[in-house]
Every structure is written in structure tokens, then in C-alpha cells.
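Each chain gets a letter, A, B and so on, in the order the sequences are listed, and its residues count up from 1.
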Protein chains: 2
Amino acid sequence: MRLTGHMLIGAADVFGGGAELRAFNPATDATIDPPFGGGGANEVDRAARLAAEAFEIYSGSAPEARALFLERIAANLEAGAPEIVERCMLETGLPRPRLEGEVSWTAGQLRLFADVVRRGLWRTATLVSADPDRAGGARPDMRMHKVALGPVGVFGASNFPILYSVAGGDTASALAAGAPVVCRAHPSHPGTSELVGRAIRDAVAEAGLPEGVFSLLTGAGHELGEALVDHPEIKAIAFTGSEAGGMAIYRRGQQRAEPIPVFAEMASVNPHFLLPAAQAARADTFATRFVEQMVAGVGQMCLKPGIVLAIEGEGFDVLRATLVERLASAAAQTMLSPDIHGNYERGVGRTREAAGVTEIARGLRGEGRFDGEALLFEVDARAVIADLRVAEEVFGPMALLVRCSSFNEMREVARHLRGQLSIVVHLDDADLDLARALMPIFERKTGRVIANSFSNVVEICDAQIHGGPFPATTDPRFTSVGSSAIDRFLRPVAYQGVPDSLLPPALQDGNPLGLWRVRDGRPAQV
Amino acid sequence: MRLTGHMLIGAADVFGGGAELRAFNPATDATIDPPFGGGGANEVDRAARLAAEAFEIYSGSAPEARALFLERIAANLEAGAPEIVERCMLETGLPRPRLEGEVSWTAGQLRLFADVVRRGLWRTATLVSADPDRAGGARPDMRMHKVALGPVGVFGASNFPILYSVAGGDTASALAAGAPVVCRAHPSHPGTSELVGRAIRDAVAEAGLPEGVFSLLTGAGHELGEALVDHPEIKAIAFTGSEAGGMAIYRRGQQRAEPIPVFAEMASVNPHFLLPAAQAARADTFATRFVEQMVAGVGQMCLKPGIVLAIEGEGFDVLRATLVERLASAAAQTMLSPDIHGNYERGVGRTREAAGVTEIARGLRGEGRFDGEALLFEVDARAVIADLRVAEEVFGPMALLVRCSSFNEMREVARHLRGQLSIVVHLDDADLDLARALMPIFERKTGRVIANSFSNVVEICDAQIHGGPFPATTDPRFTSVGSSAIDRFLRPVAYQGVPDSLLPPALQDGNPLGLWRVRDGRPAQV
């Protein structure tokens with residue numbers, strides 16, 4: 001593959017005429033070649049029109065064709081992995097094994113969506129038989145299935161430059177739904193984006209699909225993104241990033257003449273609740289694993305644990321001492337970009353000034369200009385209840401130990417939490433009753449409840465939810481990871497009394513796609 | 001039942017201290033007793049807090065308890081029908097049989113949702129087994145189901161004062177989801193609303209549910225509705241009404257600190273496409289039935305056909321002449337309220353002044369001050385393509401005959417249409433190929449495609465979609481009628497590695513609710 005600094009607008013390579021953009025190596029503090037021509041409203045218009053044209057064909061494509069296309073993207077990505085990873089290391093400062101892992105998970109996710117397309121449960125095909133003799137009037141034949149909304153605008157994330165970016169879950173689920181994608185490359189990794197974009201574009205050509213199924217646009221500043229959200233042919237937006245960025249895009253999408261769904265995955269502190277018996281039994285291993293998870297990827301993970309809640313009592317001193325000790329020996333590492341590093345420093349500053357907060361440990365100092373140092377603060381539960389801002393997300397290797405004087409106080413903090421992507425509870429058998437009292441609160445506060453686990457991994461499967469109440473996302477009814485991520489881009493259409501030969505295959509009498517359908521109230525594979 | 005002019009806030013009767021409101025009889029041009037005390041932000045706050053309290057219990061209630069509660073509401077509604085219908089006739093000018101029908105459909109809808117709750121497909125319970133030996137790392141046990149979003153604010157509609165109002169589909173589907181409801185009564189039928197509200201409140205008490213599960217608020221002006229949309233404990237809004245009203249509420253919901261989903265069902269012209277063979281065979285009966293449907297309920301139906309598209313050729317002159325003849329003998333009837341009558345007159349005026357539009361028939365003049373006279377206009381397809389505003393909804397007994405010179409022109413109009421609740425195609429066997437060319441366009445433009453039917457009925461069943469692309473609704477991913485109306489008020493929650501005894505019953509190993517669940521990729525009743 002060749003890296004040229006061009007945008008990929010359908011089949012065309014376009015060098016933007018706007019402000020030039022160059023990637024930046026946060027580890028060496030240097031810009032990297034080649035220059036990228038910045039795109040703007042004209043390029044958005046061209047890509048969106050191509051996408052709208054492609055939609056008419058692609059949205060009706062056969063499931064097998066669509067599945068093979070997704071598998072082709074996965075294969076192209078794997079074939080390009082050496083180059084992609086090499087370039088991505090330069091642009092992000094992330095280590096090779098982490099990025100190789102991202103390629104592998106991204107390919108796996110594309111193959112999951114190929115499987116999702118083939119199984120077709122997302123169509124929710126539903127049939128209700130006619131009843132000509134019903135008292136009060138005949139009931140017509142009614143059928144319903146789901147189809148794609150229309151072209152989707154995808155904003156690549158900075159923190160997972162491959163897995164949550166150009167070919168990530170947003171793109172994979174939109175393409176699976178039958179929606180063309182116009183992607184805005186994250187300006188902190190334009191080269192990685194171009195290489196991944198070429199892997200997708202090659203697959204479009206190999207699959208013989210209309211060129212507008214995928215376009216990749218690059219540009220610094222807000223103009224390009226705003227034009228993408230505003231374009232009348234774009235029918236949904238997916239975004240992963242900060243709360244400020246997500247809300248700006250969300251509000252812009254709602255102000256359009258025709259408002260569109262904007263799904264933004266944003267802020268989460270992913271609190272860990274350590275229950276008393278578990279604390280008494282293993283405060284030290286808990287603390288060790290907690291610090292490992294908190295500094296992994298320089299704390300730049302959606303699931304970074306930002307809070308640990310523990311109750312004064314057996315094991316508490318061991319917990320606190322071990323957290324302090326482990327944190328103090330954590331190495332500083334290069335953060336993803338100067339912007340992210342600056343935001344981290346400001347977030348740490350805000351936390352330090354908050355009422356009732358004390359710094360209890362600091363990691364090793366870094367050598368690099370954009371290294372993030374690990375930090376641990378302590379705060380009393382009552383201070384959190386009094387002012388929730390203490391517990392807002394700081395993106396980076398920082399966490400807060402919340403000291404609770406009783407289980408009731410821990411539960412009160414739970415009740416006051418904002419929405420989360422995940423809440424983790426650590427328990428032993430003797431903690432089951434306490435955990436049971438917390439579960440209904442957790443269910444209201446988060447998209448995912450996790451027991452006894454330290455992991456930044458978001459399993460990509462049918463039962464995954466990577467979402468949650470605001471500010472975790474802008475719409476808690478959806479997820480950005482897992483099979484149901486496709487639901488964001490689907491709408492239902494009903495057919496009433498329509499002759500069989502005019503129905504889409506998913507709804508025809510003979511069930512030519514072999515789907516599971518709900519037929520007169522019950523699922524059946526007929 | 002007693003009609004008192006009170007709001008129902010949980011178990012309390014509250015006479016509002018705001019501006020007094022009286023119902024109005026549009027047939028006799030007179031106000032009706034009793035006076036209603038207007039509610040405002042204080043009453044919203046009280047109802048929303050009660051709803052939030054009730055949510056903690058009601059959202060976890062057993063499906064059978066919830067189903068029995070819905071059935072109780074249906075029974076109470078039927079028991080109160082004589083009084084409700086009597087009062088509603090005074091407040092709306094609608095005839096008795098129509099309103100008796102609404103009670104019966106409303107009760108049927110509540111019973112459908114009882115069945116929906118029992119079957120539990122809405123939970124989309126999904127299980128993925130752990131795989132401790134997976135290459136690349138163990139896969140944890142993952143499970144997912146859907147739960148209610150939180151308290152829902154419901155705005156009753158004016159045009160179906162029972163079926164789309166206090167106990168309508170929005171309330172029924174929210175209660176089925178496990179969400180308490182705070183309803184704002186439509187000010188044009190406050191008495192009907194109070195009587196229906198009492199039927200619901202009695203059922204809350206009889207079922208032993210927390211009082212906050214249902215409240216009914218009444219008030220003139222915008223203050224009450226705005227306070228409802230703004231309240232932090234309200235987590236979703238459902239609205240049926242005009243595009244202007246729906247968009248005002250929608251935008252307000254998005255401007256909250258915590259934005260919430262606002263589903264507004266708004267404007268649709270429900271075009272009828274008459275294909276050539278069908279036109280040649282039965283232009284006269286088509287025209288007769290079209291006019292009947294268009295003037296039914298004084299054109300104040302969501303599915304009123306506002307446009308008929310036909311192609312010049314065999315049968316066209318018969319079609320046009322029959323439309324004119326039938327329309328000319330249509331009687332004027334009382335519209336629902338002075339406001340709606342005024343809007344109708346203005347809409348007719350706008351249409352008359354639009355480029356290329358000619359009035360070709362006018363119905364009989366009415367006696368009453370708020371009678372709506374039927375009107376039929378004709379316009380060339382090219383004029384519609386040039387300026388879509390010609391084809392915007394006018395709520396009332398008015399329609400537009402769009403004269404197409406060819407099938408291609410008809411298809412061009414289809415491509416230019418805004419989003420619709422329904423599109424109806426009339427065809428004979430010889431029209432199948434033409435219909436096939438239109439179907440993909442229809443699918444992009446509407447929530448429901450109907451063949452060869454004249455009916456204002458929205459079947460309430462698993463396969464119904466009463467929704468569609470903007471401006472039919474604010475979010476084409478949802479419906480306000482049918483089993484999937486419940487999806488508007490649900491969010492998914494995942495559980496990772498959580499011990500069986502802490503899981504909600506829907507996800508426990510033993511499947512105590514006997515649900516259909518997706519288990520390792522396939523639906524199964526285990």
C-alpha cells in the first residue's frame with residue numbers, strides 16, 4: 001500500500017486544497033511526512049452524494065454479498081498490518097503489540113458482523129397473518145423488517161487508532177446494516193487512517209460495489225466535521241471521543257432542518273466497588289491489578305478505572321498502602337497527542353483543587369514532553385456526594401480512592417453517580433447480599449455490570465453493550481460495540497397487504513433467506 | 001367516576017393554581033364545565049419525583065404483575081366508557097360510534113401490551129457462553145437484556161382523544177416497558193383526559209403499585225409542557241401532533257444538560273399511487289373510496305390521504321371527474337377545535353396560492369363556525385418536483401391530485417417526497433413490474449407500504465410500524481403503534497461474569513421466565 005496524503009472519495013484520490021495537515025510523533029516531538037491536503041465542505045458534498053447514490057444499491061444487497069465484503073475488508077487489513085502498525089506507532093507512540101492486537105480485534109469484529117449479517121436477527125423480521133373473519137373487521141396481512149437508515153458519518157477516535165477508528169465498530173456495523181460510510185479521519189493519525197481506508201476501498205472495488213459505499217476525508221479544525229454533520233444526505237452520525245466534542249456534534253445534528261440520530265460514546269469513570277469480604281481477603285492483589293489496569297495504555301482507555309470505592313475496615317489500610325506503593329513505581333509513558341496530554345494536565349489540576357481531595361501517590365516522572373505521569377488521589381465519600389464534579393472523567397492515568405465509612409455511604413455514592421460505560425463490583429460469597437442491594441442501582445447507572453474482573457477488553461459479541469446513560473453516551477438505547485451496534489443505523493418498515501412478489505426477501509412467504517422470524521407472536525425459522 | 005377539574009398527581013387530587021382552563025364544545029361554540037386548575041412547574045416536579053421513586057420498584061416488577069396491571073386499566077376503561085364517550089363527544093364534536101370504537105381499540109392495545117410483556121421478546125435476552133480456552137485469552141460469560149429508560153413524559157394528541165391520548169399507545173408501551181408515565185392532558189379534551197386518567201390511577205391502586213407509576217397534569221399554554229420536557233427525572237418524551245409542536249419539544253429535549261430521546265409523530269400526506277392498469281380497471285371506485293377516506297373524521301387522521309398521484313391515460317378523466325363529483329357532495333363537519341380549524345383554513349390558503357395549483361372541487365358549505373369544508377386541488381407533477389412545499393401536510397379534509405405525464409414522472413415525484421407514515425400503492429397484476437420499480441423508493445420514504453387499501457385503521461400488532469423518516473417522526477428508528485413501540489423506552493444492559501444469583505431473572509441460567517433468548521447466536525426457549 002502507498003501512503004500519499006490523499007483523501008479517498010469513492011474511487012478517487014483527492015488532495016485537499018484546505019489547510020495542510022501533518023501527523024505528529026508524540027514520542028519524538030516531530031512532525032511526520034507526507035503532508036495531507038485538508039478537506040472541507042466541497043469534499044464532504046462529493047462523498048455524501050456518492051454515498052447517497054450507492055445507498056440505493058448497497059442497502060438492498062444480498063446478505064451473502066455484504067458478508068463477503070466485510071470479510072474482504074478484514075483480509076485486506078490483515079494483509080496491510082505490517083505497514084499500518086509501523087505508521088501507527090509513529091503517529092501515536094503506542095507499542096507494537098498493542099497495535100497488532102488492535103488489527104487482530106478489528107478484523108475479528110468485521111468477521112463478527114459478517115456473521116451477524118448472515119444470521120439476520122437484526123432484521124427483526126416479523127409476520128402477522130391476515131384474519132379476514134375477525135370480529136370488528138378483517139385484519140390485513142402485516143409484515144415488518146428493518147433496513148438501513150441511509151449514509152452514516154463516522155468520526156474516528158484518537159485513543160484506539162485502529163479498533164475504534166476508520167474500520168472500527170462504527171464502520172463495520174454501518175456497512176453490515178447496508179449503510180454507506182463517510183469517515184472523517186482523526187487528525188492525530190491521518191496516515192494510519194489512509195492506509196486502513198485503502199484496505200476498505202480496495203474491498204469495495206474487489207466486491208464490485210458502487211464506489212460511494214466508502215469515503216475517507218481528512219482535515220484539521222472543525223470545518224470538515226461540521227460539514228459532515230450538516231450534510232442532508234447523511235442520515236446518522238457515530239462518534240467516539242470526549243464529552244465536549246461529542247456534545248458539540250450531537251447538538252449540531254439536532255439543529256439540522258432534518259434532525260438525525262447522533263450516537264456519541266463519551267465520558268465514563270468506570271467505578272470499581274470493592275465489597276468488604278473481598279477487601280478483607282485480597283486487598284493487596286486487588287490494588288496491584290487496579291493500578292495495572294489504570295495505567296495500561298497511559299490511562300487512555302474507555303474502560304480505564306477512574307474510581308475505586310472501598311469501606312473503612314478490614315483490609316482498607318492494606319488496600320490504600322498497596323495502591324500507593326504500586327502507583328509510585330508506575331512509569332510515565334507517552335500520551336497520544338499534545339492535546340490529550342494538555343487536557344490530562346488540566347484535569348489533574350482541577351481534581352487537585354477540588355474540595356476534600358488529597359494526592360496520595362504519584363508515579364515516576366517521564367522524560368518525554370508529552371509523557372503522562374500516574375496520579376492517585378483520595379477523597380471522602382461525603383465529598384463526592386456533595387459535589388459530583390470530583391468524580392468526572394480525567395482521560396489519562398489518574399484515579400480517585402473514595403473512602404466510605406459504611407456500606408450505606410458506598411450505596412449513596414452509587415445512587416449519585418452519573419451514567420457509566422461500566423461498573424465493576426468485586427465480591428466474595430459473603431458479599432452476595434450487599435451486591436444484591438447494589439445491582440438495581442448499577443443497572444440504572446451503566447450499560448455494563450462486571451463482576452470480579454480487571455480488564456480493558458470490550459468483548460465483541462452478541463451480548464456486549466458498550467454504552468450507557470449520559471454522559472457515557474448521548475443515547476443509552478444503543479451500543480457502539482457488539483452485534484447490536486448495528487441497531488443504531490436501522491429503521492423498521494412495515495408492509496400491509498403487499499403481494500409476495502413485491503416483498504423484500506426477508507419477508508416473503510417462502511423465507512428464502514432462511515431467517516429466524518417472529519411469526520404470529522413466536523420466533524420460528526420459517 | 002367523578003369529573004372534578006383536578007390533576008392526578010400520584011394518589012393525590014390537585015387543583016392547579018395557574019390559569020384556569022375550560023373545555024370547549026366546537027359544535028355549539030360554548031365552554032363546558034367544570035373549570036380545571038392549571039398546573040405548572042411545581043406540579044411537574046411533584047409528579048416527576050414520584051415517578052422516579054416509583055421507577056425503582058416498578059421497573060423491576062414481575063412480568064405477570066405488569067401484564068395484570070395493563071389488563072386492569074383496560075377493564076376500568078371499558079367500565080367507564082359510557083361517561084368517557086359522553087364527555088368526549090362534547091369536547092371534540094366527534095360522533096359516538098367513532099369514540100366507542102376508540103375505547104375498544106385502546107382497551108385492545110392495552111391487552112396487546114399485556115401479551116407483549118408476558119412473551120418478553122422486547123427484552124432481547126442474549127447469552128454468550130464463557131470460553132476459558134479461547135486462543136488469545138479467555139472469553140468471559142456475557143449476558144444482555146433490556147430495561148426501562150426511566151420515567152416517560154407523554155403528550156396526549158388532540159385528534160384521537162382516547163386512542164392516542166392519556167391511555168394510548170405511548171402510555172401503554174411505556175408502562176409495559178416498566179416506565180412510570182407523567183402525562184400532559186391535551187387542553188382540548190381535559191375532561192376526557194381526567195376520566196381516562198382516573199381509570200389508570202384506580203388500576204395503579206388496585207394493583208398495589210407505587211402511586212408515582214402514573215400522574216396526569218393539565219394546563220393551558222406552554223409552561224407545563226416545557227417543564228415536563230425539562231425535568232431531570234424525565235428520561236424520554238412521546239408526542240403526537242403537529243410538526244411545529246413536535247419540533248419545538250424535540251429541540252427542547254436536546255438542549256437539556258442531559259439530552260433525552262424525544263419521539264414525536266408529526267406530519268404525513270400519505271400519498272396514494274394509482275398505477276395504470278388499476279386506473280384503467282377501476283378509476284371510479286378508486287375515486288369514490290379515496291374521497292370517503294379523505295373526509296373521514298374531517299380529515300383529521302394521521303393516515304388521511306393528502307395526495308393522489310395518477311398518470312394521464314386510460315381512466316384518468318374518469319378518475320378526475322369522479323373525484324370532483326364525490327368531493328362536491330361531501331358534507332362539512334365540525335373540526336376538533338378552533339385552533340385546528342384556523343390552521344386548516346390557513347393551510348388551504350397556502351395551497352391555493354402555490355405555483356401551478358388549481359382548485360377543482362369544493363365540498364358542501366357548513367353551518368357551524370368551526371366546520372371544515374372539503375377541498376380538492378390539482379397540480380402538475382413537475383410543479384411538485386420544482387417546489388415540494390406544495391405537497392406539505394394540511395390537517396383537514398383537503399387533498400391534491402398530482403397529474404403525471406408518465407410513469408417516470410410519477411417515480412420522480414416519489415423520489416422527491418419527504419418522509420411519510422404510509423405510502424399506498426394501487427395496482428393490478430399488470431402493474432407488478434412498475435410497482436417493483438417503486439418499492440425500493442417507497443421503502444426509503446415511509447414507515448409503512450400499503451397495497452390496494454383504503455383505511456384509516458392502524459392495526460395494533462407485532463408487525464405494525466407507525467413511524468417513518470422526518471417529518472413523519474423525529475426518529476425513524478421507532479414506531480408509536482404496535483408491539484415495537486416499547487423499544488422507544490428501553491435500553492440494553494450487559495452483565496459480564498456476574499454470579500447467577502445476582503442476575504435479573506431474564507438472564508438466569510434456569511430461564512425462570514421461560515423466555516425466548518438468543519443463546520450463543522441462535523434463538524431458543526431455554
* Nearest 0.5 Å please: distance from the CE atom of M247(A) over to the CD atom of Q254(B). => 8.5 Å
* **Segment of R143(A) engaging chain B (4.5 angstrom heavy-atom cut-off)** => backbone
* Asked: Is it the side chain or the backbone of L121(A) that comes within 4.5 Å of chain B heavy atoms, both, or neither?
  -> side chain
* Structure fact -> If you tally heavy-atom pairs under 4.5 Å between each of G136(B), P499(B), G497(B), S455(B) and chain A, the highest tally belongs to G497(B)
* Structure fact -> Honestly, the part of S484(A) sitting under 4.5 Å from a heavy atom of chain B is side chain
* Are R448(B) and Q496(A) linked by a side-chain donor-acceptor pair shorter than 3.5 Å? -> yes
* Residue selection (most heavy-atom pairs with chain A, distance under 4.5 Å) from R251(B), M144(B), M142(B) -> R251(B)
* Asked: Under a 4.5 Å heavy-atom cut-off, does chain B meet the side chain of E459(A), its backbone, both or neither?
  -> side chain
* To do: Walk me through it: do E443(A) and R491(B) pass the test salt bridge (charged side-chain N to carboxylate O under 4.0 Å, His left out)?
  => CA-CA 10 Å; E443(A) 195 171 80; R491(B) 48 175 279 263; over 6 Å; no
* Asked: Of the backbone (N, CA, C, O) and the side chain (C-beta and beyond), which part of A257(A) lies under 4.5 Å from a heavy atom of chain B, both, or neither?
  -> backbone
* Asked: Which bit of E56(A) comes within less than 4.5 Å of chain B, counting heavy atoms only: side chain, backbone, both or neither?
  -> both
* To do: Nearest 0.5 Å please: distance from the CE atom of M439(B) over to the OH atom of Y495(A).
  => 5.0 Å
* Rounded to the nearest 0.5 Å, how far does CZ of R522(A) lie from CZ of R119(B)? -> 10.0 Å
* Asked: Quick one: of L490(A), L503(A), D462(A), who has the most non-hydrogen atom pairs under 4.5 Å with chain B?
  -> D462(A)
* Structure fact -> Of N452(B), L432(B), T474(B), the largest count of non-hydrogen pairs under 4.5 angstrom with chain A goes to L432(B)
* Structure fact -> Whatever's closer than 4.5 Å to a heavy atom in chain B on F55(A) counts as side chain
* Smallest separation among heavy atoms of V128(B) and C461(A), with atom names -> CG2-SG, 4.0 Å
* To do: Could you tell me which of S422(A), P259(A), P469(A) has the largest number of non-hydrogen atom pairs under 4.5 Å with chain B?
  => P259(A)
* Calculate, to the nearest 0.5 Å, the distance between atoms CG and CZ belonging to L149(B) and R444(A) respectively. => 13.5 Å
* **Residue part contacting chain B, namely of D475(A), when any heavy atom lies under 4.5 Å** => side chain
* For side-chain contact (heavy atoms from CB on, under 4.5 Å), just list the numbers for F470(B) and K235(A), CA-CA rounded to whole Å, side-chain angles, deciding distance to a tenth of an Å, and then say yes or no. => CA-CA 10 Å; F470(B) 183 84; K235(A) 299 302 184 189; over 6 Å; no
* **Under 4.5 Å from any heavy atom of chain A - which part of R488(B)** => both
* Side chain, backbone, both or neither: which part of R436(B) has an atom under 4.5 Å from a heavy atom of chain A? -> both
* To do: Could you tell me which of S483(A), G253(A), G521(A) has the largest number of non-hydrogen atom pairs under 4.5 Å with chain B?
  => G521(A)
* **Side chain, backbone, both or neither of S501(A) within contact of chain B (heavy atoms, under 4.5 Å)** => both
* Engaged part of P440(B) at the chain A interface, taking heavy atoms whose separation is under 4.5 Å -> neither
* Quick one: what part of R517(A) sits under 4.5 Å from any heavy atom of chain B, side chain, backbone, both or neither? -> neither
* Structure fact -> So, the part of H145(A) with a heavy atom under 4.5 Å from chain B: the answer is side chain
* To do: Side chain from CB out, backbone as N, CA, C, O: work out which of these in R415(A) comes under 4.5 Å of a heavy atom of chain B, or both, or neither.
  => side chain
* Structure fact -> Okay, V518(A) and chain B: the region with an atom under 4.5 Å from a heavy atom over there is side chain
* To do: Name the member of D115(B), T446(B), V425(B), T479(B) that forms the most heavy-atom pairs with chain A at distances under 4.5 Å.
  => T446(B)
* Region of V147(A) that comes under 4.5 Å of a non-hydrogen atom in chain B -> side chain
* Asked: Checking P471(B) against chain A: side chain, backbone, both or neither under 4.5 Å from a heavy atom?
  -> neither
* To do: Measure the spacing between CG of L427(A) and CG of L502(B) and express it to the nearest 0.5 Å.
  => 6.5 Å
* **Selection from Q255(A), Q464(A), H466(A) maximising heavy-atom pairs under 4.5 Å formed with chain B** => Q255(A)
* Side chain, backbone, both or neither of R519(B) within contact of chain A (heavy atoms, under 4.5 Å) -> neither
* In terms of heavy-atom pairs under 4.5 Å with chain B, which of V116(A), I465(A), L127(A) leads? -> I465(A)
* Asked: Taking all non-hydrogen atoms of both residues, which atom of A463(A) and which atom of A494(B) are closest, and how far apart?
  -> O-CB, 3.5 Å
